[in-house]
Amino acid sequence: MPKKTQATWGGRFTAGPADLMLQFSESVSLDRRLAPFDVAGSKAHSAMLAHVGLITAKERNAIHAGLDAILAEIAAGKFTWDTRLEDVHMNLEAALTKRVPAAAKLHTARSRNDQVATDMRLFLKHASAVLGGKILGAQRALLAIAGANRDVLIPGYTHLQRAQPVQFAHHLFAWLEMLERDRARLADVVAHANWCPLGSGALAGTTLPIDREFTAKALGFVDAKGRPQVTQNSMDAVADRDMFIEFATACALFGTHLSRIAEDLILWTSAEFKFVELPQAFCTGSSLMPQKKNSDSCELLRGKSARLQGNLHTLLTLVKGLPLTYNRDLQEDKPPVFDSFDQSALCADVLAGTVAGLTVNRDRCAAAVADPALLATDLADYLVTRGVPFREAHHAVGAVVRLAEGNAMALNQLPLEEVRKVHAAFGPDWTKVFDLDRALAKRTGTGMPGPAQVAKQFNRWKKLLK
Ligand code: ARG
């Protein structure tokens, strides 16, 4: 027998939803985490209703007290969530109705559509700020490791082949740049989410004389000067999920960066490189091979990036092709957003922890960077300073490299007569090129791995990350 519906929307129904439908359509098991934002929204909304005279100050106070008490109950883990009430919004309203008669007026001039849009904008502002702070923590850990290994040089790679020498710190600074852009993207999400949709109603606003700016101000949807910011189109405000997608994009790109950082670290910890050692606390062993110490934190960072990309894809596909305005499909927008936030936040902390305990194997780095062939490009530059066109210089140095390889000699061990046979522009000073310190000192331009530039970057990052 169908049960009579108790739902807030039950007036036009003679029977309630099937148990299967309730199970299928509930979202409270997930969206209950929006409770603090929902309560903030309801408090601002009821304050506004009192401000414009739609409810009395007494009713507003009763609603506020009731909502505060409910929130305290939730925080204490004493609140009973009921999946039959569908979502967080209706659970809170039902609980308030039990305590406060004025609760029946709370939903005046409001729809769950502008309510959920408001809750999620508040959530996204909060989540972006929290995640930005965690990424900052990871950046600080990276800066500390770079600082502790200021004098270490390693080969930089292209095609995973040793290319040119760089400061270890310069490589880590590349990661800092990536993460800095991630923080900037999250700040953009905050800015885009900072417009209040309340007052949009279900899709067409309300006939009641509400004050949208009042509500926006009460919820902190304000510009730098404290002026309220309200969304400009009621249909867009309830249908739009752009900033969900922007947040998931920021997380997906952060994940891609994490994955590249993790991959570098995984390579560097292998016996073939052995440039760094990861802290035991972030590694695991093998159930079979007793000698194994695996870089699992990094492998999971690399793996999580797939999940973060998947969440973005879910959201893009969810919204694509939906007619304006709200459709129930949109309830599926929250799991990927929550998951992107939770996983990204965890990843940022794990990166910080892994990096904080990392040690650098200086001998291995020094041995890897000692190959004079890494300065073959500098040798071509040397010929250029002696008037040789670069293409010709490149070709000549290539021939010298081949000669060294054929004789199983290091590049700088070749006799001057032999290299002069390749190109007459080689002078007696040609081997000076292979002095690593000298080679790096010549890299004086902004963004290059010369010692003066790297020192400048240390100062820049110290300021940016303080
Ligand atoms: N639980 C719903 C969601 O998250 C809230 C909005 C419901 N609106 C509606 N018209 N049924 O999307």
Side-chain angles (χ1 to χ4, degrees), residues 5-13 15-18 20-42 45 67 70 74 79 81-97 103 106-127 193 196-206 219 231 233-245 247-248 311 314-342:
T5 179
Q6 296 302 313
T8 49
W9 40 256
R12 56 107 58 232
F13 285 77
L20 181 59
M21 179 56 187
L22 285 171
Q23 188 197 333
F24 185 57
S25 64
E26 71 87 17
S27 61
V28 68
S29 50
L30 279 161
D31 64 20
R32 55 203 264 183
R33 66 190 287 172
L34 291 176
F37 307 106
D38 201 68
V39 165
S42 290
H45 182 68
L67 288 169
I70 291 168
I74 294 170
F79 187 84
W81 297 100
D82 186 352
T83 52
R84 283 169 308 177
L85 292 168
E86 276 185 36
D87 57 22
V88 62
H89 322 291
M90 300 218 281
N91 267 267
L92 294 182
E93 195 181 322
L96 187 66
T97 306
L106 174 60
H107 215 53
T108 308
R110 187 174 77 171
S111 157
R112 264 189 300 160
N113 295 350
D114 54 357
Q115 191 178 357
V116 73
T118 305
D119 289 8
M120 283 304 285
R121 280 171 183 255
L122 290 172
F123 172 84
L124 287 170
K125 283 174 71 177
H126 163 80
C196 187
L198 266 184
S200 302
L203 77 159
T206 174
L219 285 171
T231 51
N233 182 291
S234 62
M235 294 177 77
D236 179 51
V238 296
D240 163 49
R241 293 296 182 267
D242 285 10
M243 63 221 65
F244 295 51
I245 293 169
F247 178 75
N311 288 338
T314 298
L315 285 167
L316 286 167
T317 310
L318 178 71
V319 176
K320 176 198 167 303
L322 278 189
L324 291 189
T325 53
Y326 179 85
N327 301 269
R328 191 64 182 273
D329 315 44
L330 289 176
Q331 184 169 291
E332 289 293 316
D333 61 8
K334 279 168 283 302
V337 169
F338 292 157
D339 189 63
S340 283
F341 173 52
D342 295 340

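Bear in mind the structure is a predicted one, so any value in this text is a computation, not a measurement. Numbering of ligands and ligand atoms starts at 1, following listing order.
- A pairwise comparison of heavy atoms in Ser200 and Ala237 identifies OG-CB, 3.3 Å as the closest pair.
- Among Leu198, Leu34, Asp38, the single residue meeting the side-chain contact (heavy atoms from CB on, under 4.5 Å) criterion with Thr118 is Leu198.
- Residue Gln115 does not touch ligand 1, judged by heavy-atom distances below 4.0 Å.
- The proximity of Asp333 to ligand 1, defined as any non-hydrogen pair under 4.0 Å, does not occur for either the backbone or the side chain.
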### Task
Using the salt bridge (charged side-chain N to carboxylate O under 4.0 Å, His left out) rule, take Asp240 and Arg121 through it: C-alpha gap first, then chi angles, then the decisive distance, then the call.
CA-CA 11 Å; Asp240 163 49; Arg121 280 171 183 255; 3.5 Å; yes
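- The protein heavy atom nearest to atom 11 (N) of ligand 1 is Arg112 NH2, 3.6 Å.
- The aromatic rings of His126 and Phe37 sit tilted relative to each other, their planes meeting at an angle between 30° and 60°.
- Looking from atom 4 (O) of ligand 1 to the surrounding protein, the closest heavy atom is Lys334 NZ, 2.7 Å.
- Here the protein heavy atom with the shortest distance to atom 8 (N) of ligand 1 is Asn113 OD1, 2.9 Å.
- The closest side-chain heavy-atom distance from Lys334 to Val116 is below 4.5 Å.
- Interface of Ser27 with ligand 1, defined as ligand atoms under 4.0 Å from a residue heavy atom, comprises 1 (N).
- In summary, the atoms of ligand 1 found under 4.0 Å from a heavy atom of Gln331, numbered by their order in the structure, are 1 (N), 2 (C), 3 (C), 4 (O), 12 (O).
- Looking at ligand 1, you won't find any N or O of His89 less than 3.5 Å from one of its N or O atoms.
- Ranking protein heavy atoms by distance to atom 12 (O) of ligand 1, first place goes to Tyr326 OH, 2.5 Å.
- Within the 4.5 Å cutoff, the side chain of Val238 has no heavy atoms near those of the Leu324 side chain.
- In this structure, Arg241 pairs ionically with Asp333, as a charged nitrogen and a carboxylate oxygen lie closer than 4.0 Å.
- With respect to atom 5 (C) of ligand 1, the closest heavy atom belonging to the protein is Asp87 OD2, 3.4 Å.
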### Task
Show your reasoning for whether side chain to side chain donor-acceptor pair (under 3.5 Å) applies to Arg110 and Ser42.
CA-CA 10 Å; Arg110 187 174 77 171; Ser42 290; 2.9 Å; yes
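- The shell of residues lying under 4.0 angstrom from ligand 1, judged by heavy atoms, excludes Glu86.
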